[in-house]
Amino acid sequence: MSFYKADHWRSAIINAPMKEIISQYGFGGLPLSLLPESREGCSFSDPFGIWQDDKLYVFVKALNEQTFKSGIYVLIYDSAFNLLETRSVLEEKWNLAYPYVFEHKGEIYMLPDAHESGRLTLYRAQNFPYEWEKLEGFNFPLSVMNATILHHAGRWWMFWSPAMSVKKKRDSLHIAIAEDLLGPWADMGCFLTDLGGALPGGSPIIDEDALLLPVRQNRRTEGGGLRFLRFEGFGNTRPLLIGGRSLGLPPSLEPAYPDGMHTLSSAGSVTLVDVKKERYSLRKSINLFKKALKLS
């Protein structure tokens, strides 16, 4: 993305489980439903979903394209993918993104990217999906980007990138482990440094004895594409990174949104994805110029 351009994102529901996409390493022939173009000047990206009572709850980063401030919205669909409701559900003083939502022992949690706050915060639904409480007992000592967690092989695993310099936020993948969701978490260190795909970008999927993790490819442009990293050996002390394979854009969306894809997440029988197009933005250029003046 250049100084004069801004990313405009659009999200979609793919009517197929993520394992079907992985099996063919593509979206060809799979039906999809687009999320709304925008809501009150916001674009929707980073989609994550969960089913409850035959309704699909899609949580997204809602970016105000005038102020460039972002929070979390939910879009509620019935089983036929008719949109029932759209509402803001989580706002903070800092930007929020990547609303990684999951269920554990009958409770629903969200672990959004809030690295501007200087910490990683876990939320639990009080009145799903509208009200969320911070879990102060969650013990992770660092500020990170795109924390992605799951329980596998008897432990909790967290894939994340450090919130440091702009480059380090996008090209390094770490793994942390814990015996309990709340921690304490222990960092196993950096497993990969590569702009070609290291920043987590969606739901990890278990494939027999291996784990496949979508990561963002940022070499050409931030969020320019996705690839799957394959890890094996989770029963050992340290899993092994075996390799990675890129995923092409959905063919039906590529003509209108040819410039990137950076989230692919599983919601049971469906998969969620976002795609982007770059367009010129005078407001973005003015805002960046103002920030430069403040730093000078």
Side-chain angles (χ1 to χ4, degrees), residues 18-19 21-22 25 46 48 97-100 102 109 111-115 118-122 138-247 260-266:
M18 190 187 289
K19 283 191 175 181
I21 295 170
I22 292 172
Y25 265 91
D46 294 359
F48 288 90
Y98 201 78
Y100 188 85
F102 62 98
Y109 298 88
L111 189 64
D113 182 328
H115 68 273
R119 63 170 296 179
L120 181 62
T121 299
L122 179 67
F138 181 69
N139 181 11
F140 194 80
L142 303 173
S143 172
V144 309
M145 292 191 70
N146 290 18
T148 302
I149 67 176
L150 83 161
H151 193 265
H152 176 57
R155 288 179 171 176
W156 285 95
W157 303 84
M158 181 188 298
F159 303 86
W160 56 278
S161 293
M164 298 165 58
S165 66
V166 172
K167 182 179 180 182
K168 289 293 182 183
K169 289 189 294 187
R170 296 187 296 162
D171 75 352
S172 301
L173 176 68
H174 288 241
I175 300 179
I177 57 173
E179 300 301 321
D180 185 83
L181 173 60
L182 297 183
W185 289 84
D187 182 17
M188 300 183 75
C190 183
F191 279 66
L192 178 66
T193 300
D194 186 0
L195 273 174
L199 178 66
S203 304
I205 293 292
I206 305 301
D207 182 24
E208 297 181 348
D209 294 330
L211 181 146
L212 299 177
L213 176 71
V215 293
R216 296 177 177 179
Q217 296 177 304
N218 294 307
R219 184 172 284 117
R220 180 184 63 83
T221 176
E222 185 172 357
L226 286 169
R227 68 171 176 168
F228 284 98
L229 299 181
R230 185 179 183 89
F231 292 87
E232 296 181 356
F234 283 85
N236 302 323
T237 304
R238 183 181 175 90
L240 299 175
L241 174 57
I242 304 302
R245 184 174 175 182
S246 296
L247 181 69
M261 170 177 62
H262 75 357
T263 305
L264 187 74
S265 66
S266 175

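You'll find the side chain of Ser203 reaches within 4.5 Å of the side chain of Phe48, heavy atoms only. At a threshold of 4.5 Å between non-hydrogen side-chain atoms, the residues Leu111 and Leu120 count as touching. At a threshold of 4.5 Å between non-hydrogen side-chain atoms, the residues Trp160 and Leu199 do not count as touching. Between Pro162 and Met145, every side-chain heavy-atom pair lies at or beyond the 4.5 Å cut-off. Leu213 places a side-chain heavy atom less than 4.5 Å from the side chain of Leu173. A 4.5 Å side-chain heavy-atom check between Leu240 and Phe231 finds every atom pair outside the cut-off. Phe228 is listed as a side-chain neighbour of Ile22, based on a closest heavy-atom distance under 4.5 Å. Contact check for Leu226 versus Val215: no side-chain heavy atoms found under the 4.5 Å cut-off.
Within the cation-pi definition used here (under 6.0 Å to the ring centroid, within 45° of the axis), Arg238 qualifies as a partner of Phe191. By the 6.0 Å and 45° rule, Arg245 stacks over the aromatic ring of Tyr25.
Panel note: side chain Lys19, backbone Ile206; a donor-acceptor pair is recorded below 3.5 Å. The closest donor-acceptor contact from the side chain of Ser161 to the backbone of Ser172 lies under 3.5 Å.
Closest heavy-atom contact between Met188 and Pro239: CE-CD, 3.8 Å. Across all non-hydrogen atoms, the minimal contact from His115 to Asp113 is ND1-OD1, 2.7 Å. Scanning both residues, Thr263 and Gly202, for their nearest heavy atoms gives CG2-CA, 4.5 Å. When all heavy atoms of Asn139 and Trp185 are compared, the closest pair comes out as O-CD1, 3.1 Å.
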Tell me which donor-acceptor pairs under 3.5 Å the side chains of residues 174-184 have, and how far apart each pair is, sequence neighbours excluded?
| unit_1 | atom_1 | unit_2 | atom_2 | d |
| --- | --- | --- | --- | --- |
| Glu179 | OE2 | Arg155 | NE | 3.3 |
| Asp180 | OD2 | Leu182 | N | 2.9 |

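A distance of 8.0 Å separates SG in Cys190 from CG in Asp171, rounded to the nearest 0.5 Å. From Leu229, atom CG reaches atom CG of Leu192 across 6.0 Å, with rounding to the nearest 0.5 Å. A distance of 4.0 Å separates OG of Ser266 from CD1 of Ile205, quoted to the nearest 0.5 Å. Interatomic distance, CD of Gln217 versus CE of Met261, reported as 8.0 Å (0.5 Å rounding).
Using a cutoff of 4.0 Å between basic side-chain nitrogens and carboxylate oxygens, Arg227 and Asp194 are scored as salt-bridged.
Checked against ring-ring contact (aromatic ring centres under 6.0 Å, His included), Trp156 has the following partners two or more places apart in sequence or in another chain: His104, His151. Under the side chain to side chain contact (heavy atoms under 4.5 Å, CB included) criterion, Ala210 pairs with Arg230, Glu232, not counting sequence neighbours.
When only modelled atom types and interatomic distance are considered, Thr148 and Tyr98 share a side-chain donor-acceptor pair under 3.5 Å.
With respect to Ile149, the side-chain contact (heavy atoms from CB on, under 4.5 Å) criterion is satisfied by exactly one of Trp157, Phe102, Phe159: Phe102.
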